[in-house]
There are 4 protein chains.
Amino acid sequence: MSMHSHPAAVIGASGYTGLELTRLLARHPHLRLASLYSDRWSDEVAGSRVPLDGPAAALRYRPLAEGERADAEVVFLATPAEVSADLAPKLLAKGARVVDLSGAFRLEDPAAYPAWYGFAHPAPALLAEARYGLPELARGKLAGARLVTNPGCYATSIALALAPLVKAGLGLSGGIAVTGLSGVSGAGRKASEDYSFVEVADDLRAYRLGKHQHVPEIEQTVARYAGACGPISFTPVLVPIRRGILATITIRLEGAPPAGLADALRAAYADEPFVRVLAPDKVNVKDVLHTNRCHVGLAVDARAGVVVAVSAIDNLVKGAAGQAIQAANAALGWPETTGLDLLGG
Amino acid sequence: MSMHSHPAAVIGASGYTGLELTRLLARHPHLRLASLYSDRWSDEVAGSRVPLDGPAAALRYRPLAEGERADAEVVFLATPAEVSADLAPKLLAKGARVVDLSGAFRLEDPAAYPAWYGFAHPAPALLAEARYGLPELARGKLAGARLVTNPGCYATSIALALAPLVKAGLGLSGGIAVTGLSGVSGAGRKASEDYSFVEVADDLRAYRLGKHQHVPEIEQTVARYAGACGPISFTPVLVPIRRGILATITIRLEGAPPAGLADALRAAYADEPFVRVLAPDKVNVKDVLHTNRCHVGLAVDARAGVVVAVSAIDNLVKGAAGQAIQAANAALGWPETTGLDLLGG
Amino acid sequence: MSMHSHPAAVIGASGYTGLELTRLLARHPHLRLASLYSDRWSDEVAGSRVPLDGPAAALRYRPLAEGERADAEVVFLATPAEVSADLAPKLLAKGARVVDLSGAFRLEDPAAYPAWYGFAHPAPALLAEARYGLPELARGKLAGARLVTNPGCYATSIALALAPLVKAGLGLSGGIAVTGLSGVSGAGRKASEDYSFVEVADDLRAYRLGKHQHVPEIEQTVARYAGACGPISFTPVLVPIRRGILATITIRLEGAPPAGLADALRAAYADEPFVRVLAPDKVNVKDVLHTNRCHVGLAVDARAGVVVAVSAIDNLVKGAAGQAIQAANAALGWPETTGLDLLGG
Amino acid sequence: MSMHSHPAAVIGASGYTGLELTRLLARHPHLRLASLYSDRWSDEVAGSRVPLDGPAAALRYRPLAEGERADAEVVFLATPAEVSADLAPKLLAKGARVVDLSGAFRLEDPAAYPAWYGFAHPAPALLAEARYGLPELARGKLAGARLVTNPGCYATSIALALAPLVKAGLGLSGGIAVTGLSGVSGAGRKASEDYSFVEVADDLRAYRLGKHQHVPEIEQTVARYAGACGPISFTPVLVPIRRGILATITIRLEGAPPAGLADALRAAYADEPFVRVLAPDKVNVKDVLHTNRCHVGLAVDARAGVVVAVSAIDNLVKGAAGQAIQAANAALGWPETTGLDLLGG
């Protein structure tokens, strides 16, 4: 396998996720950035938008509509769910391997789409084929995957902390209360008064209480891993940082706390290069920024009868572009860390 | 009652709470800022530190140690709990009315102090006399109070949202999971690497999980108001804003959600000038900044079997200095809004 | 003169300047908030948008187009320059006193409008009548003014520091280099990717170098006050704060620095309630936030042959709404500080 | 030359510069992180503080005092100037190559140290030997250098924009007014109320006007490159961002602006991998964050008789750690970009 030998395309390259994918792919030793699609920057050179060197810098963004003809071995879709649902079948038909970063293929039940995503799924048959790209919890099915559905950012941070605890017997009948704090890039790039600096800075606000589309994804992911999962209540909060997620996960105990919970968590991730188990007050956003890491920790509060887990990721890396590359590595048979030796910052 | 006729002192005037008290007292129509105590700014004129006009601007900060001899009708203690516990009896003995903004007199059980505050209480007899200065939930006992114990900032925001819901029958046996997000001024003013700009900006971190000293205060306050209160789990999170608190409060339902919860909340605060009940995604920090308001809202998530309440205050106003003045107004027989017609910002 | 006896209207009430005007007018003892015009919030009640009490809270925003029929003694225009240029003559014809916060009437030379503002002035005759609402530098002409043209935010901060120095003999032939740092609310409220949180936070960027429309306004203001003023070079920079301006003004000396420059500055503002002269490294944004103050300071750098002045204001108060009320007070014969005893924050 | 074959040490590894050096060195293909010195983290493993992989993660910080015995081919000093002045001779005597990131060896005139740095230089003989590590302006002397003195962060950003313009004939007799905006990491890591989040956020403040120690460094650097340089006036401003510098440089023209200034700037950096010449309003901090790039631009303001240049760097990368590695690469004969293919972010 020679250097940069596998052409890759990014469709939706000017959003925050697409931008991060572009940065990361430019340094991947085996994937070669072959084409970039974006209406916003159509016809501009990539080097004027991203700090790229070499041939990648000279690539020109092409209109999104040309994306379905992308001539690449791996195509990353950083497009809205409805666009991805339309593009993926066309690209698969052309023989490309597709890593979709939207929610278009995350839920296995097509009937869940109208309620959580607001549209009827146009390609329900693909839902069964799509492999969930969270290697730490679903590695087994990724090798050779044609269609990888990349997890949501909240779902990644929450499922990684929660799944081993549910497997250890917690929260099977519910009592899982999650508050998720997200930086503003999680809302995507858009011209909107709601996400303007003056409206967001110095502020905190909850949104979409109990209605966030990552809820069924988390429950499905945890249940696949742990065998079952009670319903989760989820309250997302917008906080004035550019990137990063911190989730607090409070799980009600039915009786005395099981012994060895922290050990169970540590054991689950002992061999994982990207997950670290720390004391819960050592888990923070800053230490995972610009890395593909997830930091998790837990505290048992016997007085209140709960276990509280805390989890942190960079929503654009482990919550999106980094994880997409990790999953692509797994699908293509490379070490998952390939191209992800990130510095942090 | 003539204008500015009642002399008031602030001990601990250079902390963020003391500073806010100074600002507010300078505009109070009946209280007159008579003396300010601070070691940090000892001998400086107040006008060089706070945008004051008139005689207040010419006041000089005096050393903290002189505070116990403060010659004022009302003395506001913006000092650490151990200092307040020492000063309050001396000032009461001099005949002053004392409003203490620390936790020194918040818990009625002296035995709770070593565990939650880390010191044995030196004046346990005063705990029974102290009146809790959260007028919306404990107004009845404030008239004429000699010693007002001002609520904690987290406790204020959480109890105001929670108490009417518990009174309506929720959370009596527990299942109350709270995440509280606080701006950095909540940690006080200090030279500390942990609270430096570079460490805090762009970051989120949880701290003191299940161990925050506001936990017993909230449980006690809600129980007094609602008759009972299950144990609360509380996870505080430090967020990069200067001031403000947003709390998310998830209460597990035992069965179907009781009808009319939002109405119960609205009814509880229908006549309150400082509490507004809004849709939960309209509750945010920005709208309460620099005001004495608390905004609360709730959502019922029947699928997950929970009610989620959201609450926002300015930790330095409704969570500290504004509430102290509101309670002092109540103790002195003035309308609670006196001097608190704040602009926001 | 009885309380709240003079009806006032705000046209363009939902922009950041209009919002601040609303807040301030609600507390003005003689002006009564009588009507608010905004398309964005048309038909909403003001109390749901601004922390108002009393009758002002019940006002409903009306469509902007109805503004020209505003029935008020004083009308504040917080509208774009072209809208103000159209509205002001109509309102004056109805007998209202007009305070315009846009640039529509700031330049005395109609010929300057196409170059600096991008439109030919539709009412050039009014330019001679408009009185510049910067009381500290142009108080003499404000008493009884029918049309007050409120200064720009950058112009206020820069002219207040510069004018007394030019009067003392500096910068008459130029050599005045200004860098102005502004918070994002200076760009107004708008849905724009350029001013989104993710684009602005953690960033600094210069814009409109040498082309900002406040340049001729500053030169004109200083020349009126000091008799002459050399050309000014001006580089505005967008910084990630919500509100506030800090300007650094470097003036080249022709020879040795004149003695007593700081004294000249202090003397110019000795009796001014809103301007403070401080050591230059004590001038900052935080101390003037939410106040109508301007803080200025200067340093002589004999080695480099320059004087450097520093100036700070809150762009929405002294740079807009506060100054508009100060000027209205002057026009109406009230003390300029009326309604402007602000707390800061 | 095999991979990671040259051992490198960082002394002062827990400051923000030391931390960035650690991150960068861990990815350098030829340098191998061999030892780290820090009193703050003495005896902790590096992997618990920096997102490192492989052997570097297992390194333990050693006490600073042991640094003088560092057994490495290249030693990076991220220590205060006085500490560097003491350590460098000892390490050179041991045969190490030293890259000093403090100001200890930046000025060629020992007599300048008391005035600008506050101490008499203890090793004045080394000032002549030290090679200034700004390759774009002083590459010629770097090959084989034993002692590299790494430029200051402000000096880097300002000299890179200014030097080619002075070479083109501007500013020879002065009239150079610089305002430099710096993120808070520029002040170093320390427990200080002045740099606490609450004091810095939402604020802007100027400091050390005309007295910053980078002034003589800039003048010396530009004069070496351009043959002469007039005195520079410099006003640094602290802004609420974690990292990054934006400088505005206003140069008074003596007559008509020379033609082709932008071309001169572009020509100066045509072959430089790390310097980009852009339109001045396209120069911003965000685009250079976490990269070793400097972006510069200029505007001619003929009306005001000035040229304004704008320059942006990441103070911790091109302003410190990245440039140190670039210069070490030059000294050791490797391509300057080695190990500096950074992603940005």
Side-chain angles (χ1 to χ4, degrees), chain B residues 12-20 23 38-42 44 48-51 78 153 181-205 207 237-245 285-286 289-290 314-317 319-321 344-345, chain D residues 12-20 23 38-42 44 48-51 78 153 181-205 207 237-245 285-286 289-290 314-317 319-321 344-345:
Chain B
S14 63
Y16 294 124
T17 294
L19 211 45
E20 196 73 14
R23 281 192 186 103
S38 157
D39 285 342
R40 183 186 278 107
W41 294 339
S42 186
E44 295 190 48
S48 71
R49 292 293 182 172
V50 197
C153 52
L181 289 61
S182 174
V184 189
S185 60
R189 170 186 288 226
K190 49 191 160 197
S192 159
E193 227 178 272
D194 280 355
Y195 298 103
S196 71
F197 184 87
V198 181
E199 294 302 307
V200 171
D202 300 334
D203 196 22
L204 305 170
R205 60 177 190 254
Y207 63 99
V237 179
L238 186 73
V239 296
I241 58 176
R242 289 172 76 211
R243 49 203 288 168
I245 282 178
V285 159
K286 201 174 43 187
L289 278 180
H290 301 283
D314 184 324
N315 60 307
L316 296 180
V317 188
Chain D
S14 63
Y16 294 123
T17 293
L19 212 45
E20 197 73 15
R23 282 195 187 100
S38 157
D39 285 342
R40 184 187 278 107
W41 294 338
S42 185
E44 296 190 49
S48 72
R49 293 293 183 174
V50 197
C153 51
L181 287 62
S182 174
V184 189
S185 59
R189 170 185 286 226
K190 49 190 159 197
S192 159
E193 228 179 272
D194 281 355
Y195 298 102
S196 71
F197 184 87
V198 182
E199 295 302 307
V200 170
D202 300 334
D203 197 22
L204 306 169
R205 59 176 191 255
Y207 62 100
V237 179
L238 186 74
V239 296
I241 58 175
R242 287 172 77 214
R243 48 204 286 168
I245 283 178
V285 159
K286 202 174 41 189
L289 278 180
H290 300 282
D314 184 325
N315 59 306
L316 296 179
V317 188

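Every chain is numbered from 1 and lettered A, B, ... according to where its sequence line falls, protein lines coming before strand lines. Heavy atoms only: backbone and side chains are in, while hydrogens, waters and symmetry mates are out. None of the values given here were measured: they were computed from a predicted structure.
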S.K.: So which heavy atom on D:Tyr16 is nearest to which on B:Ser196, and how close?
M.R.: OH-OG, 4.1 Å
S.K.: Rounded at 0.5 Å granularity, tell me how far OG in D:Ser192 sits from NZ in B:Lys190.
M.R.: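 The distance works out to 14.5 Å.
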S.K.: To the closest 0.5 Å, what do you measure between CZ (D:Arg242) and CG (B:Asp203)?
M.R.: 7.0 Å
S.K.: Taking all non-hydrogen atoms of both residues, which atom of B:Phe197 and which atom of D:Val184 are closest, and how far apart?
M.R.: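 So the minimum-distance heavy-atom pair works out to CD2-CG2, 3.5 Å.
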